[in-house]
Amino acid sequence: MAFGKTPVESIDALAARVHDGAMIAVPPDYSFVAMAATRALIRRGARDLHILAVPQSGIQADLLIGAGCVTIMETAAVSLGELGAAPQFTAAVKSSRIEIRDSTCPAIHAGLQASEKGLPFMPLRGLIGSDLMRIRGDWKESENPFEEGDRIVVLPALKPDFALFHSPFADRNGNIWLGRRRELVTMAHAAKGALVTVEEIRDIDIMEDEALAGGSLPALYVTAIAEAPKGAWPLGVAGQYEPDREHLANYAKKATDADGFQDYLAEHGA
Amino acid sequence: MAFGKTPVESIDALAARVHDGAMIAVPPDYSFVAMAATRALIRRGARDLHILAVPQSGIQADLLIGAGCVTIMETAAVSLGELGAAPQFTAAVKSSRIEIRDSTCPAIHAGLQASEKGLPFMPLRGLIGSDLMRIRGDWKESENPFEEGDRIVVLPALKPDFALFHSPFADRNGNIWLGRRRELVTMAHAAKGALVTVEEIRDIDIMEDEALAGGSLPALYVTAIAEAPKGAWPLGVAGQYEPDREHLANYAKKATDADGFQDYLAEHGA
Amino acid sequence: MNAPKYTKTELLIEVIARMLDGLNHVAVGASSPIPGAAALLARARSGGTPRVSVLSSLRHNDFTDGARELFDCAAQGRIDAFFLGGGQIDGEANVNLVGLGDYPKLNVRFAGSYGSAYLYFLVPRVILFRPEHSRRVMVSKVDFISAPGTSPPGLYRPGGPYALVTERCIFSFNKEACRFCLQSIHEGETVESIRKNTGFDFDCPPQTLQTPPPSATALELIRGDVGINIAEVYPKFAREFLSLS
Amino acid sequence: MNAPKYTKTELLIEVIARMLDGLNHVAVGASSPIPGAAALLARARSGGTPRVSVLSSLRHNDFTDGARELFDCAAQGRIDAFFLGGGQIDGEANVNLVGLGDYPKLNVRFAGSYGSAYLYFLVPRVILFRPEHSRRVMVSKVDFISAPGTSPPGLYRPGGPYALVTERCIFSFNKEACRFCLQSIHEGETVESIRKNTGFDFDCPPQTLQTPPPSATALELIRGDVGINIAEVYPKFAREFLSLS
């Protein structure tokens, strides 16, 4: 089945498009995280993923890291928020099982905007004097070409293979509604393709409704869509369902040791 | 009267905020042009304006130029579209009555995005080998810091004093709805302040409606609002009213000579 | 069976549409009614391929991120074809959208360069379209280069000129030689009439092809859906140059 | 009349809120329940000034252009105050949000730098907030500089540290001397207890001020509207540390 030119497929078919070694951009926990697709990635045994958190992540990154799917984690932070440290992330970094590319939120946004604009780099204020500049061999100090002596950092473009996220709905033509979550629009523009799970597919044309069109991502950027009701669970979708706080607290407790983490995976179908 | 912290005032009071010599950014003819405010600017005898068309303009720029309000016109183009050349613009450029800063659409967007991001410059592809590079003393050829020999242009930030545009509605807190016209959001972010005329003020909170919020500009960026029903006339507002094509054709004819232009101004209250 | 009668406008729409068949995404800029109609025609007869984004149209416009999205999208490699005109076009495919004479004190001022200085570099298939084919327009050297036809090796330039379509003929562009080559001439023209009206030198194949007339299907679409849709953005054009059925 | 009883959390909310009075726009980042409550308190008692943007809140969030807008807005000079924590904070106001030990093989790993390496440079009034005030946190030199407290002259830096608020005291920061100065101590503390628990040297005024307790109005708001609103984003915090009426 396909709406317009964008295929609508099963969550496992969608996850299978993420090849081993792919760089995938994902949103923060509060914003339309494709958790059902994340479990599908773990089920299919994805390997060597380069996860780019835009700009931070939580349980999604922790699950993928714990399940051995991740080789590179690029992020401004990984945390379970009020529930504390992300246990699998923390353990993997300390034991060097993954390569951590510590970044800072605006650097990730700027790197994606560079790709969005087809630019090889983007300048950014701040950063100079932080140890991030020391450890990021790919960030460079440069000079403002319009003012001698004004030092400024330049960052290389970040070009993910896929942007992977969830949305309240797609329309019959494959357009995706995202409302205020415009970092997902930028992510999709910057990536080679977007893989999107949706609560539902509505038989409407988003582009015919000016109110909806302004908060949408055109099908043009979407590689494939999978219908996934409650697809952000145990995280929430603003205005539709709350995060499952009990479940998340249980995860935070269980995932602190390897056995508990494996139990969790087995129990929750990943 | 003020909604939230944003003053709501008369169209003349709003226009009076534009001081002589101000740099003001304006949208293209198809998109929410503040024509009533433009007539108010002419009424108050604004002088030495630096008009930045984002990225092109039509009757708005032509009127302001003809009325002697403009010293610098920075734009990718000025044209009356199907109705042909913009007569007052054309005459003013040929007689050197205004300084024309010829640009190209993406360079204007990039310069505004630089200001939006608080950056002193933005790189851009293309341009090299065009005569625009020759005549724009403020554009520089540079090198991609991540690839030796890869030449790329850098453009200085464009920081307007005001973004001036029209919108279908504001809410009671001074938030402005713009739908898909997101170049107006960028314009407002980049400018020191936004002056916005609206068809109406609705007694709602845009931020409480996720569908509307995604296509809106927060009051945070808005200096002042004026209610101006049919405020884009003789241009249109998508979904609300069409351009007044007869009026525009009449303008195109009249404005080709100085007397006809003055007649037009007198007749239409500018 | 006689071939159906057609206007020059209809021929030009069909000629351009043929250059778009099989592409994924075609964008159409300002003041481009004929290219806009061509893109809609290509889409209509292929069941939705290519996607068409007509700037300043609400209905035929996939963009939702403001006016910059067209340019970003092109830089991402997501736009396969675009159209440029020109007050002057020269034999090296340089285009001039700024004016005639010595800049800035021009004898004739055009509207301005629009996005040409950028899109010409980034869109793989840029179709130059200028109906008027005279020595006034097709010049040996443009007075002002809004966008250059070619760039030196090493400069990032995935895009460039693909063809030049006029009221008299179609030229293809040879990037290596940096010259136009006559591809086909429209009904009523000869190689000599082209040469006489062209200010630049160009290559000719051994045999001159005639531009085929629009098909009956194309004409039906142009006079139907395509015309109705282009009238949204270009009402004057649709009224004056299309005989809508 | 006895002063009303209050918790340490309530005191800290009030202490920070006082630093925000009169500002136009305060933004609150991730994992910042007390600063978030302080910003809402400052707004509540001034009739809507300052604007407050709480990230990850829908209700108290003016941003509509995606996650980058906070950072762009700060660079535009439109955010007057922001908050940073730190697993370690040193006497030169450097903050470490990355971990303890030699990077990348750390003994303790924190969440990460978030936006610190940028916002610390651009927001005029960055308030460092870390309740735990021990030699483990307040160190002589951080193991990793997520964001430096000061920058050499000539570097573009309109922002920087304004104060450091802990469970024991308030420090102000002297940019020229690149040192903290004790501003006031909370009830139950002495200069000696502060020195004993601080791993860096700091300046002391001749007379030590006591941090004033929260006003009855402040407490009423914290236990009412402010608490209810902060619970939207930090339900666990609101449940455990605020006694909502």
Side-chain angles (χ1 to χ4, degrees), chain A residues 27-31 53-56 75-83 85-86 89-91 93-96 99-100 102-110 112-113 124-135 144 149-152 179-186 215 238-239 245 249, chain D residues 29-31 33 55-58 61 63-72 74-75 94-99 101 103-122 142-152 154-159 233-237:
Chain A
D29 274 10
Y30 65 84
S31 167
V54 183
Q56 73 232 26
T75 187
V78 181
S79 151
L80 298 183
E82 281 203 291
L83 299 167
F89 161 75
T90 308
V93 173
K94 284 171 63 178
S95 65
S96 302
E99 179 191 334
I100 169 80
D102 268 292
S103 188
T104 181
C105 313
I108 291 171
H109 295 307
L112 289 173
Q113 281 187 282
L124 196 71
R125 288 297 189 188
L127 301 177
I128 295 170
S130 83
D131 280 337
L132 292 174
M133 283 305 293
R134 187 171 52 80
I135 62 162
N144 170 3
D150 179 19
R151 292 184 292 149
I152 190 165
R180 277 196 257 186
R181 299 269 68 90
R182 298 198 69 82
E183 64 274 19
L184 303 180
V185 175
T186 306
R245 298 186 202 282
Chain D
S31 308
L55 289 195
S56 79
S57 164
L58 274 177
N61 188 339
F63 296 137
T64 61
D65 205 22
R68 73 162 178 268
E69 188 175 358
L70 163 71
F71 306 101
D72 290 354
N94 298 310
V95 298
N96 172 7
L97 294 140
V98 161
Y103 190 91
K105 274 223 149 207
L106 302 162
N107 307 318
V108 176
R109 169 75 209 193
F110 307 143
S113 300
Y114 291 102
S116 63
Y118 179 83
L119 292 172
Y120 211 18
F121 289 80
L122 294 172
V142 294
D143 290 2
F144 186 97
I145 300 176
S146 282
T150 58
S151 296
L155 192 76
Y156 181 83
R157 184 165 188 172
V233 190
Y234 299 104
K236 190 160 171 275
F237 164 80

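Note that these values count all heavy atoms, side chains included, but never hydrogens, waters or copies made by symmetry.
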Practice item. Grab the two heavy atoms, one from Tyr118(D) and one from Thr104(A), that are nearest each other, plus how far apart they are. Key: N-OG1, 4.4 Å
Check your understanding: Is there side-chain contact between Tyr156(D) and Ile152(A), with heavy atoms separated by less than 4.5 Å?
Key -> no
**Study point:** Carboxylate-amine/guanidinium contact Arg181(A) Asp65(D), below 4.0 Å
**Key:** no
Check your understanding: What part of Gln113(A) gets closer than 4.5 Å to chain D, counting heavy atoms only: side chain, backbone, both or neither?
Key -> side chain
Practice item. Find out whether the Lys NZ or Arg CZ of Arg180(A) is both under 6.0 angstrom from the six-membered ring centre of Phe63(D) and within 45° of the ring's axis. Key: no
Check your understanding: Given that the side chain runs from C-beta out, which part of Pro235(D) has a heavy atom under 4.5 Å from chain A: side chain, backbone, both or neither?
Key -> both
**Study point:** Separation of Arg151(A) CZ from Ser151(D) OG (nearest 0.5 Å)
**Key:** 8.5 Å
Check your understanding: So how far is it from Arg68(D) CZ to Ile108(A) CD1, rounded to the nearest 0.5 Å?
Key -> 14.5 Å
Exercise for review: Count the heavy-atom pairs under 4.5 Å between each of Arg125(A), Glu99(A), Glu183(A), Arg134(A) and chain D, then report the option with the highest count.
Suggested key: Arg125(A)
Revision key, fill the gap. Looking only at Asn107(D), Val108(D), Leu97(D), most heavy-atom pairs under 4.5 Å shared with chain A are made by Asn107(D)
**Study point:** Residue Asn94(D) versus chain A: region with a heavy atom under 4.5 Å
**Key:** neither
Study note, to complete from the structure: Highest number of heavy-atom pairs under 4.5 Å with chain A among Gly99(D), Ala67(D), Pro104(D), Gly112(D) belongs to Ala67(D)
Study note, to complete from the structure: Counting heavy-atom pairs under 4.5 Å with chain D, the top scorer among Thr90(A), Val93(A), Ile135(A) is Ile135(A)
Practice item. With a 4.5 Å cut-off on heavy-atom pairs, point out which of Gly149(A), Ala91(A), Cys105(A), Pro27(A) contacts chain D the most. Key: Cys105(A)
Check your understanding: Which atoms form the tightest heavy-atom contact between Gly115(D) and Pro106(A), and what is the distance?
Key -> CA-CD, 4.1 Å
Review point. Is it the side chain or the backbone of Ser116(D) that comes within 4.5 Å of chain A heavy atoms, both, or neither?
Key: backbone
Study note, to complete from the structure: Looking only at Gly154(D), Pro152(D), Pro148(D), Ala147(D), the option with the highest number of non-hydrogen pairs under 4.5 Å against chain A is Pro148(D)
Review point. Tell me, side chain or backbone of Leu184(A) under 4.5 Å from chain D's heavy atoms, or both, or neither?
Key: neither
**Study point:** chain D contact via Ser103(A) - which portion, at a heavy-atom distance below 4.5 Å
**Key:** backbone
Exercise for review: For side chain to side chain contact (heavy atoms under 4.5 Å, CB included), just list the numbers for Ser113(D) and Leu132(A), CA-CA rounded to whole Å, side-chain angles, deciding distance to a tenth of an Å, and then say yes or no.
Suggested key: CA-CA 9 Å; Ser113(D) 300; Leu132(A) 292 174; 4.0 Å; yes
**Study point:** Interchain contact, Ala75(D) with chain A, by part (heavy-atom threshold 4.5 Å)
**Key:** neither
Exercise for review: To the nearest 0.5 angstrom, please state how far the CG atom of Leu106(D) sits from the OG atom of Ser96(A).
Suggested key: 9.0 Å
Review point. Checking heavy atoms, do the side chain of Leu127(A), its backbone, both or neither come under 4.5 Å from chain D?
Key: both
Practice item. For the residue pair Tyr103(D) and Ile100(A), establish whether any side-chain heavy-atom pair is separated by less than 4.5 Å. Key: yes
Practice item. Could you tell me which non-hydrogen atom of Phe237(D) sits nearest to which non-hydrogen atom of Glu82(A), and how far apart they are? Key: N-OE2, 2.8 Å
Study note, to complete from the structure: Closest non-hydrogen contact found for Ile128(A) with Phe121(D) is O-CZ, 3.1 Å
Exercise for review: Indicate the atoms forming the closest heavy-atom contact of Phe110(D) with Phe89(A), along with that distance.
Suggested key: O-CE2, 4.1 Å
Check your understanding: Between Thr186(A), Val78(A), Thr75(A), Asp150(A), which residue shows the highest count of heavy-atom pairs closer than 4.5 Å to chain D?
Key -> Val78(A)
Review point. For Tyr120(D), is it the side chain, the backbone, both, or neither that has a heavy atom closer than 4.5 Å to a heavy atom of chain A?
Key: neither
Exercise for review: Against chain A, work out which of Thr64(D), Leu70(D), Ile145(D) has the most heavy-atom pairs shorter than 4.5 Å and name it.
Suggested key: Ile145(D)
